[in-house]
Amino acid sequence: MVKAKTLYVCQHCGTFQPKWTGQCPACNEWNSLVEEQPAESAPKGLGARKGRKIEFVGLKGGEKQPPRRVSGNAEFDRVTGGGLVPGSATLVGGDPGIGKSTLLMQIVAEMSTKMRCAYISGEEAIDQLRLRAARLELANTLIGLAVATSVRDIAATLEGANAPSVVIIDSIQCMYVDSIESAPGTVSQVRTSAQELIRLAKRAGFALILVGHVTKEGTIAGPRLLEHMVDTVLYFEGDPSHQFRILRSVKNRFGPADEIGVFEMMETGLHEVPNPSALFISDYRNDVSGASVFAGMEGTRPMLVEIQSLIAPSAQATPRRAVVGWDSSRLAMIMAVLEARCGVALGGNEVYLNVAGGLKITEPAADMAVAAALISSVIGTPLPPATVVFGEVGLAGEARAVSQTDARLKEAEKLGFSRAIIPKARMRKGRAEDKGKKTVGSDTSLIIIEIDHLSDLVAKFPSAEHNHVSGPTTHASSEDTRTTG
Ligand code: TYD
Ligand code: MG
């Protein structure tokens with residue numbers, strides 16, 4: 001057998017390759033292979049030595065969990081599912097400069113009034129950290145600051161009875177284990193350092209937060225490797241040119257995933273935004289065509305977001321299509337459905353779609369809101385005033401029901417909206433969750449306009465069919481609006 005001395009590890013997908021190539025054969029990423037020493041020789045199988053017997057237990061019982069470590073920052077606590085779990089590991093990923101260090105310094109500063117917290121930085125010098133603390137007006141808090149990159153030193157310091165309750169490692173890409181030859185930031189270093197730190201956190205019982213920088217492709221360098229090792233994965237995202245930042249949980253062993261926390265970056269650091277809906281629709285104007293308000297869900301929280309579109313004639317053979325904050329293939333689908341099923345001609349136009357405020361929407365429930373914005377832009381007529389829209393659209397143009405209708409409607413009502421355009425409920429009977437439930441919207445004061453097909457949505461525009469009937473209310477109430485109660 002030929003024994004490979006070195007291996008090439010893709011820094012993007014983490015696979016090992018025996019030879020260097022310009023493009024990774026596994027993930028097709030260019031220039032991502034880096035030479036690394038294999039950590040150990042291949043395992044030799046079990047051999048003759050007998051292992052210890054493992055013990056099986058039932059699901060019931062178990063000792064009481066120690067209480068979670070609540071930060072006091074409502075948005076952060078919401079995303080972690082109610083505070084950090086002792087002995088757990090949390091990964092906070094995000095683009096460089098998005099504000100991870102700022103956020104975590106603020107969080108530990110708040111926590112340090114109740115418990116001992118350590119902030120270990122491998123990227124910045126103590127003076128830089130102090131400067132930031134001064135800027136954030138946190139200089140008088142009791143965080144233990146340290147600059148270190150050797151995992152061995154960190155382990156020696158944190159082991160034992162007087163370990164702090166919360167430890168931040170900023171960032172995992174700077175950490176190294178001295179028994180491995182590759183440079184910090186490489187796959188094997190990142191993986192081994194994280195493994196050691198996570199094991200240490202379990203032993204010593206502190207809540208560990210690892211900061212990880214995301215490469216431009218959107219994965220953490222030394223990438224998805226870490227996601228399965230940690231208990232919770234949070235991504236801190238946002239458009240650096242906007243002041244809003246969103247902390248999103250994509251995995252959480254101790255709470256709901258897909259939960260988001262919204263922050264605003266200011267001179268004095270990151271501030272919680274307790275009512276994001278109000279903020280995302282703050283610049284929404286009822287009288288402009290091409291905009292709609294989407295009643296979305298982010299985890300368990302309903303959120304209203306403005307969706308803007310612009311359709312302009314193009315001189316080019318292949319007109320531009322640009323999307324910010326939504327999936328571009330989903331936009332292409334909605335446009336195709338509008339053209340093929342509803343007779344809305346978009347063909348030779350440039351189409352721009354923007355989700356206001358820098359939020360990224362992933363829900364298919366936004367389909368109808370996007371369609372509404374596009375239709376509004378094409379016919380040059382604003383949507384009926386104070387209207388929210390949501391619902392999925394199928395390839396036949398049919399409007400499909402989405403989950404949590406009531407929560408969405410309630411949020412719209414709370415923020416002063418008076419109408420909602422939603423998919424018509426089909427096959428409600430027989431679905432267990434609907435049994436014995438009142439019809440959708442039966443306890444809302446909103447005027448519910450039900451849509452069966454996307455072409456119905458086209459017809460809802462004031463000037464599309466009726467030349468300026470006095471708003472869509474009259475039109476809608478004739479047949480579509482269900483009376484409540
Ligand atoms: P930082 O937390 O260093 O980002 P990361 O750790 O994710 O790399 O944030 C850096 C950015 O935040 C920097 O561009 C300046 C900005 N910032 C503010 O706007 N206000 C502040 O109070 C602080 C501390 C930083
Ligand atoms: Mg940083």
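Remember, it's 1-based here, ligands and their atoms both numbered in the order they're listed. These values consider heavy atoms only, across backbone and side chains, with no hydrogens, waters or symmetry-generated copies.
Not one N, O or S atom of S121 sits under 2.8 Å from the Mg ion (ligand 2).
Side-chain contact between S309 and V351: absent, with no pair of heavy atoms (C-beta onward) separated by less than 4.5 Å.
For CZ of R253, the number of neighbouring non-hydrogen atoms (other residues, nucleotides, ligands) closer than 6.0 Å is greater than 12. In this structure, R203 places its CZ atom where more than 12 heavy-atom neighbours from other residues, nucleotides or ligands lie under 6.0 Å away.
When only interatomic distances are considered, the shortest N/O to N/O separation between G99 and ligand 1 falls below 3.5 Å. Distances between N or O atoms of T102 and those of ligand 1 include at least one value under 3.5 Å. Any N or O atom pair closer than 3.5 Å counts here, and R135 shares at least one such pair with ligand 1.
The proximity of D95 to ligand 1, defined as any non-hydrogen pair under 4.0 Å, is limited to the backbone.
Applying side chain to side chain contact (heavy atoms under 4.5 Å, CB included) to L359 and the options E237, E298, E306 leaves one that passes, E298. Remark: of the listed residues L353, L346, I379, L346 is the sole one forming a side chain to side chain contact (heavy atoms under 4.5 Å, CB included) with I311.
Heavy-atom separations between M105 and ligand 1 are all 4.0 Å or longer.
The option from M266, H271, E137 that lies nearest to atom 20 (N) of ligand 1, judged by heavy atoms, is M266. Between A133, S101, P96, A134, it is S101 that holds the heavy atom closest to atom 6 (O) of ligand 1.
Scanning the protein heavy atoms around atom 12 (O) of ligand 1, the nearest turns out to be M265 CE, 3.2 Å.
For atom 16 (C) of ligand 1, a protein non-hydrogen atom is found at a distance below 4.0 Å.
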